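To start, the structure under review is shown below, and the notes come after it.
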Amino acid sequence: MPLLEEGSVPRDCTRTVPVVIIGNGPSGICLSYLLSGYTPYLDPLAVHPNPILFRKLQEAKQLPITEQDLEFLCEGLEGRSGNPVAVLFDTLLHPNADLGFEFPSVLQWRMEKKHHIPHLVLGKATPGGAWHAMEGSMLTISLGIWMELPGVNYRDLTSGKRRSVSNDRATPDEISSYYKNYVKLMGLQKNFVDNTYVTSVQKLHRKERVRGYQQLQGDTHVPFSLFAENVVLATGASDSPARLGVEGEDLPYVFHSVRDLGVAVSCHGKLGSSSDPVLVVGAGLSAADAVLCALNHRVSVLHAFRKRADDLGLIFKQLPKTLYPEYHRVYHMMCSQVYPASPVANPIAPSPSLSPDYTSFPEHCVLSFQPDMHCVMRGSNGVLRVFKVSMVLVLIGAYPNLFFLKEQGQYLGLDPSRPIFCRQNPIDINPYTFECNTEPGLFAMGPLVGDNFVRFLKGGALGIASCLRKSNQASLRGGHKQQTCC
């Protein structure tokens, strides 16, 4: 029997759920898959290209990966994630992917109902999380196959069969559709409650009390309150865009999402080739996406960023040109179409002319936005520049919105004196169980622990599922309920 009626959430606070997952993006979906009884084993016909890891896997091939010593399996592995289990799970699903190979997974998945752990996945919209809100015309930074979840081949669910390397990336629309269909295909719907907003998570009597409301048709808000033995934070890190904190940032022509630009250019006559330029602030991939979106609609761009154009830390230097030609096109313009620098401020000297389509402003910071749609910037030499713009996109990163936790979750970070931030200050977790070091029974995964890419956030699902299964087995052997893994 399902834990609850499909699409509902318990409103009786005496009800206890073993696991509540907050967030229904790829992190929450993947964890629900493992908690539903889908169990990974070493495929008896597979050979992993890493001989040391393969030898370790063979030593306990009769056991599922979730019951093996993950720390032992992780030893010696290297990858693009700082979380060792994320690297392990990735190399099991996509062996030698970083070397350009597309080897099949070495895992065999079996549905074992004895491993099912009842759980709820609470999400603000339909399964897929933030992918539903992304600008639909862009291509993902990751290859489509790296975006897939265990058990369902991504290419099997996409209409077009991409054969060239450069076209093997996907649009956000394709990815969000894949995740939504994945939940149905794997029979996970009974675990998901859509349109649900968590407003409070508090520790009470060794359990977590989760409170919030579900938005029903007709804008009806139905409150709920329940107890959970374990809570998993899988909210992602894009809820609260980072702000410059300058004068005029709240003016109606200043935005913090690429999607807002997509809406503007799609509205007839609102933004086009005859408009004043769009100002894009930032030097990451979102900023590059905004530049491309504007140029594709023949809107001229002013692009301001704090770093030097040749800064080694820019993300573009880490992307192969053959896979990401459009991002390297932006990077080339950042370096070659730079606004001429004035050695000293001279108010009577004529201003250099802007490029007709794109002009780069390296080492510039925004000082203010004015009500008359003028922007004031300052260069590294102290010279002030003022430009008339039609729209501003501030794309300098984002923070997770953990308002439902005390101190907005700041106490969970590696540095409790600073807000949680994906790379600079992720949540402090046990690297093999993903349990928060400062609060037993509370887990975190995905961008909250530094894993931005779907390819690696799946490791959190493996670590948490393994932890909870081992905890349940220990409870059965000991004859008492054990709530945490540590």
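The structure displayed is predicted, hence computed values, not measured ones. When a residue number appears, it is its place in the shown sequence, counting from 1.
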By side chain to side chain donor-acceptor pair (under 3.5 Å), which residues pair with [X], not counting sequence neighbours?
{"X": "N401", "result": "none"}
{"X": "E71", "result": "none"}
{"X": "N452", "result": "none"}
{"X": "E407", "result": "none"}

Item to check | Rounded distance (nearest 0.5 Å) linking atom NE2 of H119 with atom OG of S32 | outcome: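 The distance works out to 3.0 Å.
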Checklist entry - Can you list every ring pair (Phe, Tyr, Trp, His ring centres under 6.0 Å) pair that touches residues 236-260, not counting sequence neighbours? => result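 Pairs touching residues 236-260 that pass the test: none.
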Next on the checklist: The criterion is side chain to side chain contact (heavy atoms under 4.5 Å, CB included); which residues satisfy it with D415, sequence neighbours excluded?
Outcome noted: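 For D415, the residues satisfying side chain to side chain contact (heavy atoms under 4.5 Å, CB included) (neighbours in sequence not counted) are S417, R418, N425.
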Next on the checklist: Other residues, nucleotides and ligands only: do more than 12 of their heavy atoms fall within 6.0 Å of NZ on K184?
Outcome noted: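 Counting other residues, nucleotides and ligands, NZ of K184 stays at 12 neighbours or fewer.
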Item to check | side-chain contact (heavy atoms from CB on, under 4.5 Å) between L442 and K203, intermediate numbers included | outcome: CA-CA 10 Å; L442 186 65; K203 176 77 77 175; over 6 Å; no
Checklist entry - Under 30°, 30 to 60°, or over 60°: which ring-plane class applies to H364 and F361, parallel, tilted or perpendicular? => result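 Aromatic pair H364/F361 classed perpendicular.
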Checklist entry - When the ring planes of Y331 and F316 are compared, do they come out parallel, tilted or perpendicular, using 30° and 60° as the limits? => result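 Plane angle under 30°, so parallel.
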Checklist entry - If every non-hydrogen atom of M334 is compared with every non-hydrogen atom of A283, which pair is closest and at what distance? => result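 The answer is CE-CB, 4.4 Å.
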Next on the checklist: Taking P416's backbone N and O only, do any of them form a donor-acceptor pair with Q410's side chain (distance below 3.5 Å, no angle check)?
Outcome noted: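 Judged by distance alone, yes, a pair lies under 3.5 Å.
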Next on the checklist: Any salt bridge linking D250 with R243? Criterion: basic side-chain nitrogen under 4.0 Å from a carboxylate oxygen.
Outcome noted: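 Salt bridge between D250 and R243, a charged N being under 4.0 Å from a carboxylate O: yes.
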